[in-house]
A.B. asks: 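Below: one structure in structure tokens.
As the structure is a prediction and not an experimental result, all values here were calculated from the model.
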Amino acid sequence: GVSSDSIGADSGAAGSVILYGDSLRIEGGAVTSSTSSSAAGGQVVIDVQDLTISGGLVSSGTTGLGDAGDVSVRAERFAMDGGAVSSSSGSCSAGPCAAGNAGDVTLDAGSVVIGGGALISSDVGLTGEGGTIRITADEVRIENGGLASRTFGAGNTGSVFVEAPGLAMVDARISSNAEPGSSGNAGLVSVRSATVSMDRSLITSTTFGAGNAGAIEISARSLEMSGSAISSDASNCADGSCASTGDAGSVEIDADDIVMTNDSRISSGTEGSGDAGSVLVTADALTIDDSDISTLTLGSGDAGDVRLAAGTIDVGNGALITSSAGSCTDGSCVSSGDAGSVTLVSDELRVHDGAIIASATRGIGNAGSVIVEAGRVSVESGAIVTSNAAEGDTGNAGLVRVSAASLSIDGGTITSETFGAGSAGNVVIEVASLDVGTDGRISSSASPCREGDCVASGNAGTVTLAAVDLDVHHGGTITSETSGP
């Protein structure tokens with residue numbers, strides 16, 4: 001291997017490691033710079049035409065007071081099959097150690113291929129700050145590999161930036177996380193690309209500790225997601241060994257064309273006392289098929305707002321657009337936070353085949369409002385637009401308002417309803433043309449009875465219609481009703 005190290009309290013700064021050439025292959029070897037003193041570590045600089053890393057390591061690190069050096073790679077063709085490119089702070093294997101800051105990791109290349117479990121990372125183990133990871137390339141493909149900025153201590157992670165005309169991810173991850181036991185914040189994850197393709201992949205910023213999760217920002221002409229997730233979360237450990245208290249971050253996506261399929265997800269959620277962030281999606285065309293866009297609280301924190309603005313929005317095949325507070329297990333609803341509002345602005349909105357647009361509470365918190373502003377709206381084939389409070393809740397459902405040139409309800413439902421002690425919200429329909437047919441329903445209700453058991457004690461809200469043309473037929477209904485005590 002090739003290395004430069006500063007060791008011992010009185011040591012000077014480590015020198016830089018600089019490699020130039022046409023082609024470099026690192027197979028099981030290492031190119032490193034490190035410091036365990038108060039002096040800075042040296043930079044690691046590689047500038048070649050072709051760089052291949054196969055199970056090898058390119059890194060800088062600090063276990064002392066000095067900062068780790070930056071890692072800078074420039075290549076026309078960059079390929080990783082296993083191995084790591086990293087900068088770390090405070091990764092102490094034994095005994096006490098103080099830590100400076102991790103360095104930045106920068107990759108500037110024509111083509112980038114990361115696979116075989118390879119990882120580009122910046123890690124914080126103690127009190128130092130993490131470095132920025134920045135990938136700039138013509139084309140990036142990550143298959144069974146990832147980019148990760150992580151904190152395991154009090155220091156904050158660095159941000160992760162990817163800028164490339166094309167980004168393809170398969171079984172891949174781009175993340176900035178505050179790991180269990182940490183108190184530092186996770187960082188921003190930013191992707192700017194003409195085309196982003198995600199297959200069973202994840203772009204995330206997550207906190208498992210006292211720090212906050214970072215924001216997610218995606219800007220693209222085309223975003224395609226299949227079995228994938230883009231999320232910012234404040235999460236508890238699955239085994240119960242940690243509980244987050246930090247806030248989740250916001251998620252903002254701006255693209256010309258977005259297609260979500262196969263249980264994909266865009267979300268911000270909290271399981272602890274912190275708040276979830278907002279989710280904002282802007283597009284020319286947005287298709288959500290068997291997938292969801294959501295904010296969620298399962299704790300005392302509040303869920304964030306969801307806002308979608310697109311020329312056309314198609315929500316189908318059981319897809320969900322929701323802001324939710326709590327989840328009920330065996331009749332026990334545990335969340336005390338409020339759900340956020342859900343707002344959709346579109347020239348044309350189609351909700352169909354069991355899809356749901358909702359703000360819902362499953363605890364003592366309140367549901368938010370659901371607002372639709374569109375040119376043409378159709379709700380059909382078992383689809384539901386609702387604000388609701390579940391059975392056993394004490395929270396209130398919120399306002400549901402649809403403002404459109406035309407609204408067609410064919411086998412669908414627009415409602416605000418309560419099944420508990422809280423009240424249902426008002427329903428306001430402001431349209432030029434309204435067609436309610438084939439068992440379509442507009443309602444505000446308190447506890448439709450289930451098998452003769454009416455459990456709600458809250459009130460139904462008011463249903464207000466303002467329409468130039470109104471047609472209710474083939475079992476369509478417009479009601480405000482209560483069937484509880």
A.B. asks: Is a salt bridge present between D314 and R350, judged by a nitrogen-to-oxygen distance below 4.0 Å?
C.D. replies: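 Yes.
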A.B. asks: Decide side-chain contact (heavy atoms from CB on, under 4.5 Å) for R362 and N388; before the verdict, give the C-alpha distance in whole Å, the side-chain angles of both, and the deciding distance to 0.1 Å.
C.D. replies: CA-CA 9 Å; R362 300 293 182 267; N388 65 70; 2.9 Å; yes
A.B. asks: Can you tell me which residue pairs pass the side-chain hydrogen bond (donor to acceptor under 3.5 Å, both in side chains) test with a partner in residues 132-144, sequence neighbours excluded?
C.D. replies: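 Listed once each, the pairs are R141-E143.
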A.B. asks: Can you tell me how far apart CG (D247) and OG (S232) are? Round to the nearest 0.5 Å.
C.D. replies: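 One gets 9.5 Å once the value is rounded to the nearest 0.5 Å.
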A.B. asks: Apply side chain to side chain donor-acceptor pair (under 3.5 Å) to the pair S226 and N262, showing each step before the final yes or no.
C.D. replies: CA-CA 5 Å; S226 176; N262 297 323; 2.9 Å; yes
A.B. asks: Do S231 and D233 have side-chain atoms, one donor and one acceptor, less than 3.5 Å apart?
C.D. replies: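 There is such a pair (donor and acceptor under 3.5 Å, judged by atom type) between the side chains of S231 and D233.
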A.B. asks: Where is the tightest heavy-atom contact between G311 and S346, given as atom of each residue plus distance?
C.D. replies: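 What the structure gives for the nearest pair is O-OG, 3.1 Å.
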A.B. asks: Please check this pair: side chain of S323 against backbone of V306, looking for a donor-acceptor N/O pair closer than 3.5 Å.
C.D. replies: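 Answer holds: no.
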A.B. asks: Judged by atom type as modelled, is there a donor-acceptor pair below 3.5 Å linking the side chain of D290 to the main-chain atoms of T261?
C.D. replies: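 Answer holds: no.
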A.B. asks: Side chains of S122 and S149: is there a donor and an acceptor less than 3.5 Å apart?
C.D. replies: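 No, because no side-chain N or O of S122 sits under 3.5 Å from a partner of the opposite role on S149.
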A.B. asks: List the steps, then state whether side-chain contact (heavy atoms from CB on, under 4.5 Å) holds for L434 with V436.
C.D. replies: CA-CA 7 Å; L434 174 60; V436 184; 3.8 Å; yes
A.B. asks: Do T361 and N366 get their side chains close enough for a donor-acceptor pair, meaning under 3.5 Å?
C.D. replies: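 Side chains of T361 and N366: no pair found under 3.5 Å.
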A.B. asks: Counting only N and O atoms by type, is there a donor-acceptor contact under 3.5 Å from the side chain of S205 to the main-chain atoms of G214?
C.D. replies: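 Looks like yes, one N/O pair under 3.5 Å.
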A.B. asks: Only one of V162, V113, I135, L147 clears side chain to side chain contact (heavy atoms under 4.5 Å, CB included) with I142; which?
C.D. replies: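 The single option meeting the side chain to side chain contact (heavy atoms under 4.5 Å, CB included) with I142 is L147.
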A.B. asks: Side chains of T415 and T413: donor-acceptor distance under 3.5 Å anywhere?
C.D. replies: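 On atom types as modelled, these side chains do not qualify, holding no pair under 3.5 Å.
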A.B. asks: With rounding to the nearest 0.5 angstrom, report the OG to CD1 distance, S294 to I356.
C.D. replies: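 It comes to 12.5 Å.
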A.B. asks: Less than 4.5 Å apart, any side-chain heavy atom of L280 and any of I253?
C.D. replies: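 No, too far: nothing below the 4.5 Å cut-off.
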A.B. asks: Evaluate E224 against M198 for side-chain contact (heavy atoms from CB on, under 4.5 Å), listing each step before the verdict.
C.D. replies: CA-CA 6 Å; E224 296 183 0; M198 300 175 64; over 6 Å; no
A.B. asks: For R74, does the CZ atom sit with more than 12 other heavy atoms under 6.0 Å from it, leaving out its own atoms?
C.D. replies: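 Check fails, neighbour count at 12 or below.
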A.B. asks: Quick one: does S445's side chain have a donor or acceptor within less than 3.5 Å of a partner on S443's backbone?
C.D. replies: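 Not at all, since once roles are kept as given, no pair shorter than 3.5 Å links the two residues.
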A.B. asks: Is a donor from one side chain sitting under 3.5 angstrom from an acceptor on the other, for T106 and D104?
C.D. replies: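 The answer is no; no qualifying pair exists.
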A.B. asks: Compare every heavy atom of S176 with every heavy atom of G187, then report the nearest pair and how far apart it is.
C.D. replies: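 For G187 versus S176, the nearest heavy atoms are N-OG, 2.7 Å.
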A.B. asks: Which of these passes side chain to side chain contact (heavy atoms under 4.5 Å, CB included) with T204: V251, N177, I174?
C.D. replies: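 Between T204 and the candidates, side chain to side chain contact (heavy atoms under 4.5 Å, CB included) is satisfied uniquely by N177.
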A.B. asks: If only side-chain N and O atoms count, and only distance matters, is there a donor-acceptor pair under 3.5 Å linking H352 with N317?
C.D. replies: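 There is no such pair (donor and acceptor under 3.5 Å, judged by atom type) between the side chains of N317 and H352.
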A.B. asks: Looking at CD1 of I313 and CG of L286, how far apart are the two atoms once the value is rounded to the nearest 0.5 Å?
C.D. replies: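 Reported to 0.5 Å precision, the distance equals 5.5 Å.
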A.B. asks: Let me confirm one number: the CD1-OG1 distance from I321 to T343, rounded to the nearest 0.5 Å.
C.D. replies: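 So the gap between those two atoms works out to 11.0 Å.
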A.B. asks: Is the closest side-chain heavy-atom distance between V85 and M80 below 4.5 Å?
C.D. replies: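 Side-chain contact under 4.5 Å: yes.
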A.B. asks: For a salt bridge (charged side-chain N to carboxylate O under 4.0 Å, His left out) check, start with the C-alpha distance between R221 and D256, then their side-chain angles and the critical distance, and finish with the verdict.
C.D. replies: CA-CA 5 Å; R221 285 205 304 267; D256 292 345; 5.1 Å; no
A.B. asks: Mind running side-chain contact (heavy atoms from CB on, under 4.5 Å) on V112 and L107 for me, showing each step along the way?
C.D. replies: CA-CA 9 Å; V112 173; L107 171 59; 3.8 Å; yes
A.B. asks: T322 versus V342: any side-chain heavy-atom pair under 4.5 Å?
C.D. replies: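 Contact flag for T322/V342 side chains = no.
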A.B. asks: Quick check against the 3.5 Å criterion: does S369 have a side-chain atom that pairs as donor or acceptor with the backbone of L399?
C.D. replies: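 Judged by distance alone, no pair lies under 3.5 Å.
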A.B. asks: Donor-acceptor pair, distance only, cut-off 3.5 Å: does the side chain of T207 make one with the backbone of G209?
C.D. replies: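 Yes.
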A.B. asks: Report yes if the side chains of M169 and I203 come closer than 4.5 Å at any heavy-atom pair, otherwise no.
C.D. replies: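 M169 vs I203: side chains touch.
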A.B. asks: Only pairs at least two apart or in different chains count here, so list each side-chain hydrogen bond (donor to acceptor under 3.5 Å, both in side chains) that has a residue in residues 161-174.
C.D. replies: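 As it turns out, the side-chain hydrogen bond (donor to acceptor under 3.5 Å, both in side chains) pairs with a partner in residues 161-174, which skip direct neighbours, are D171-R200.
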A.B. asks: Among side-chain atoms of E380 and S378, is any donor-acceptor pair under 3.5 angstrom?
C.D. replies: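 Side chains of E380 and S378: pair found under 3.5 Å.
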A.B. asks: Output the distance between atom CD1 (I293) and atom CD1 (I266), rounded to the nearest 0.5 Å.
C.D. replies: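 Separation between the atoms: 4.5 Å.
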A.B. asks: Quick check against the 3.5 Å criterion: does D292 have a side-chain atom that pairs as donor or acceptor with the backbone of R265?
C.D. replies: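 Judged by distance alone, no pair lies under 3.5 Å.
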A.B. asks: Going by heavy atoms in the side chains, are T477 and V472 under 4.5 Å from each other?
C.D. replies: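 Sidechains of V472 and T477: no contact.
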A.B. asks: Between G227 and S264, which heavy-atom pair has the shortest distance, and what is it?
C.D. replies: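 Result for this residue pair: N-OG, 3.0 Å.
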A.B. asks: For a quick test of reading the model, state the closest non-hydrogen atom pair linking E417 to A424 and the distance between them.
C.D. replies: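 Nearest pair, atom of E417 first, then A424: CA-CB, 3.8 Å.
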A.B. asks: If you compare all heavy atoms of S387 against all heavy atoms of A397, which two are closest, and at what distance to 0.1 Å?
C.D. replies: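 Of all heavy-atom pairs spanning S387 and A397, the closest is O-CB, 3.4 Å.
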A.B. asks: Hey, could you give me the CG/OG distance between L188 and S159, rounded to the nearest 0.5 Å?
C.D. replies: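 If I round to the nearest 0.5 Å, the distance is 4.5 Å.
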A.B. asks: Ignoring hydrogens and angles, state whether a donor on the side chain of D469 or S433 is under 3.5 Å from an acceptor on the partner side chain.
C.D. replies: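 Side-chain D/A pair, D469 to S433: absent.
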A.B. asks: Any sub-3.5 Å donor-acceptor pair from S359's side-chain atoms to G368's backbone N or O?
C.D. replies: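 Checking the backbone N and O of G368 against the side chain of S359, a donor-acceptor pair under 3.5 Å is found.
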A.B. asks: Hey, does the side chain of T151 reach the backbone of G153 with a donor-acceptor pair shorter than 3.5 angstrom?
C.D. replies: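 Yes; at least one donor-acceptor contact below 3.5 Å.
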A.B. asks: Say whether, by atom type as modelled, one donor and one acceptor occur between the side chain of N185 and the main chain of N212 under 3.5 angstrom.
C.D. replies: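 Yes; at least one donor-acceptor contact below 3.5 Å.
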A.B. asks: Would you name the heavy atoms of T295 and A303 that are closest together and state the gap between them?
C.D. replies: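 The pair with the smallest heavy-atom distance is OG1-CB, 3.8 Å.
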A.B. asks: Between R150 and E179, does any side-chain N to carboxylate O distance fall below 4.0 Å?
C.D. replies: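 Here R150 does not pair with E179 in a salt bridge, since their nearest N and O are not under 4.0 Å apart.
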A.B. asks: Can you find a pair of side-chain heavy atoms, one from T386 and one from I414, that are under 4.5 Å apart?
C.D. replies: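 Not in contact.
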A.B. asks: Looking only at side-chain N and O atoms, does S201 offer a donor or acceptor that is under 3.5 Å from a partner on S228?
C.D. replies: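 S228 vs S201: no donor-acceptor pair found between side chains.
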A.B. asks: Is the closest side-chain heavy-atom distance between H473 and D435 below 4.5 Å?
C.D. replies: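 Heavy-atom side-chain distance check passes, below 4.5 Å.
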A.B. asks: With a 4.5 Å cut-off on side-chain heavy atoms, are I120 and I133 touching?
C.D. replies: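 They are in side-chain contact.
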A.B. asks: Do E129 and N101 get their side chains close enough for a donor-acceptor pair, meaning under 3.5 Å?
C.D. replies: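 No donor-acceptor contact under 3.5 Å links the two side chains.
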